[in-house]
Amino acid sequence: KIDRLTRSLMDFSRLVETFDKQNVTFASVTQSFNTTTSMGRLTLNILLSFAQFEREISAERIRDKFASSKKRGMWMGGHPPLGYTVQERKLIIHPAEAETVRTIYRRFVEIGSATQLIRELAESGAVGKNGRPMDKGYLYRILNNRVYIGEIAYHGEAYSGEHQGFIDRELWDAAHTILAANNREPGSSRVQTAAVLRGIIRCGHCNRAMKPTYSRKDGREYRYYTCQSAEKNGADACTLRNIAAGGVERAVFDQVRGLLRTPEMMVKTFQAMDEGATKTPERTVMESLRNLGTLWDELFPGEQSRLLQLLVEKVDVSQGGMNVHFRSGGLKSLMAEMDLDDERSVS
């Protein structure tokens, strides 16, 4: 009921704004409500303030509940990692998959090379949870997932999980010693950082695509998105030239989070999903979207990038700011991809 009231008030607010632009006033014939009077406008503002307050309080409760559950070691939904299945919302060891994960850890400690290990896994026919051959990104996610030692990670902290781990701490420490050494190894090949906006970011001045580039200074790497007009025709060909990759990527992710947390977008998503033959319960969609902002932060960067491509059609950048254009039906695709309907409602 609160959700419906909030949506109704927000819809009414937009109607009133439209009326104001056209110099139209609103008066109710069944209730004492009239926006031509100062009292009527005051009543409207009070109602909207309470609606906004209730929405923020609900979001805080959900975040607090999620954090509390994580700290108690509870599995909070989503796709289970390789080696586990979910039964009654708890992680249960999958024997065959768990043996694959153990083999990955043992071989990585023995050979110390992710590239060689990937080749061995491909030759043996090992596949990931999705049934496809593993790549390096998938391998590193396995090697860094604290679920395998019986822990749940949350905001940089690890908590004892309710589930059973199947990787020994000694083996885990040995693998991470190698990972740390590889990252510090001098003369090693440059680590390729995912350019999450590749293919969708454009220069607003030249209307040309921007490509990911990088430079090095004092041993540090700096990432950019560079306008192809400036790259091909010289720096004077574009007033924007290039922008820092990290800043624009964070700004796009922040817009996505903000979009998914607004009541208006909840309604649009519900309506879009409800157009199909299968009717999705409204409460399920609303709970899923409220949790998505928090769950998004728990995803690996590569997974965030892949899901971002489902949602965002293009990003126009200029010296005056940035415009994010979302795909038609992108939210429906995102919801289906993350399986929020079944697995990510908060207990």
Side-chain angles (χ1 to χ4, degrees), residues 77-86 91 93-149 153 165-167 171-172 174-185 187-201 211-214 221 223 225 245-246 249 252-253 256 295-312 330 333-334 336-339 343:
H79 296 290
L82 185 69
Y84 288 96
T85 59
V86 176
L91 289 177
I93 295 176
H94 187 290
E97 292 181 358
E99 186 55 36
T100 299
V101 175
R102 292 189 187 98
T103 300
I104 288 173
Y105 273 84
R106 286 194 295 264
R107 287 297 295 157
F108 183 74
V109 170
E110 290 170 2
I111 62 180
S113 170
T115 302
Q116 182 178 341
L117 180 54
I118 285 294
R119 286 198 296 266
E120 291 184 4
L121 292 171
E123 292 172 357
S124 67
V127 295
K129 199 75 173 179
N130 53 15
R132 295 192 292 267
M134 302 180 196
D135 56 19
K136 274 190 177 181
Y138 195 95
L139 177 62
Y140 283 126
R141 288 199 293 272
I142 290 177
L143 293 173
N144 285 287
N145 197 338
R146 305 189 72 89
V147 167
Y148 297 125
I149 54 174
F166 55 80
I167 296 297
L171 184 59
W172 167 273
H176 277 254
T177 299
I178 296 174
L179 287 173
N182 289 344
N183 289 336
R184 294 194 304 267
E185 184 178 345
S188 61
S189 59
R190 182 173 66 93
V191 177
Q192 297 289 337
T193 304
V196 299
L197 301 182
R198 183 193 301 271
I200 61 176
I201 186 170
K211 62 179 294 185
T213 57
Y214 77 99
E221 180 180 303
R223 296 191 303 120
Y225 288 100
E249 288 168 359
V252 172
F253 280 132
V256 169
L295 294 171
W296 183 279
D297 296 335
E298 301 298 311
L299 297 176
F300 289 96
E303 192 70 1
Q304 288 181 338
S305 175
R306 186 174 65 84
L307 296 178
L308 186 72
Q309 297 281 340
L310 293 176
L311 190 60
V312 177
S333 300
L334 180 64
E337 180 72 14
M338 298 185 73
D339 287 335
E343 299 175 337

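Note that the numbering runs from 1 along the sequence shown for the chain. For the numbers below, each heavy atom of this structure counts, side chains included, while hydrogens, waters and symmetry mates do not.
Rounding to the nearest 0.5 Å gives a distance of 8.5 Å between CZ of Arg119 and CD1 of Ile111. Thr115 OG1 to Lys136 NZ: the interatomic distance, rounded to the nearest 0.5 Å, is 2.5 Å. Remark: Leu197 CG to Phe253 CZ distance equals 7.0 Å, nearest 0.5 Å. The CD atom of Glu110 sits 10.5 Å away from atom CD of Gln116, with the distance rounded to the nearest 0.5 Å. To the nearest 0.5 angstrom, His94 atom NE2 is 6.0 Å from Lys129 atom NZ. Taken from CG in Leu171 to NE2 in His176, the straight-line distance is 9.5 Å, to the nearest 0.5 Å.
Summarising the geometry of Val109 relative to Ala175, their closest heavy-atom pair is CG2-N, 3.8 Å, with the distance given to 0.1 Å. In plain terms, the two heavy atoms of Pro80 and Val86 that are nearest each other are CB-CG2, 3.8 Å. Taking every heavy atom of both residues into account, Phe108 and Leu117 meet most closely at CB-CD2, 3.9 Å. Of all heavy-atom pairs between Leu143 and Trp172, the closest is O-CZ3, 3.5 Å. Considering every non-hydrogen atom in both Gly128 and Leu82, the closest pair reads C-CD1, 4.0 Å. The two atoms that bring Glu221 and Arg223 nearest to each other are OE2-CG, 3.9 Å, heavy atoms only.
Residues forming a salt bridge (charged side-chain N to carboxylate O under 4.0 Å, His left out) with Lys211 (at least two apart in sequence, or on another chain): Glu231.
Side-chain rings of Phe166 and Tyr105 stay apart, their centers remaining 6.0 Å or farther from each other.
Looking at Glu120 and Arg107, their side chains come closer than 4.5 Å, going by heavy atoms from C-beta outward. A 4.5 Å side-chain heavy-atom check between Tyr225 and Thr213 finds every atom pair outside the cut-off. Between Leu179 and Asn144 the shortest side-chain heavy-atom distance falls below 4.5 Å.
In this structure, the side chain of Tyr148 does not engage the main chain of Pro81 through any donor-acceptor pair within 3.5 Å.
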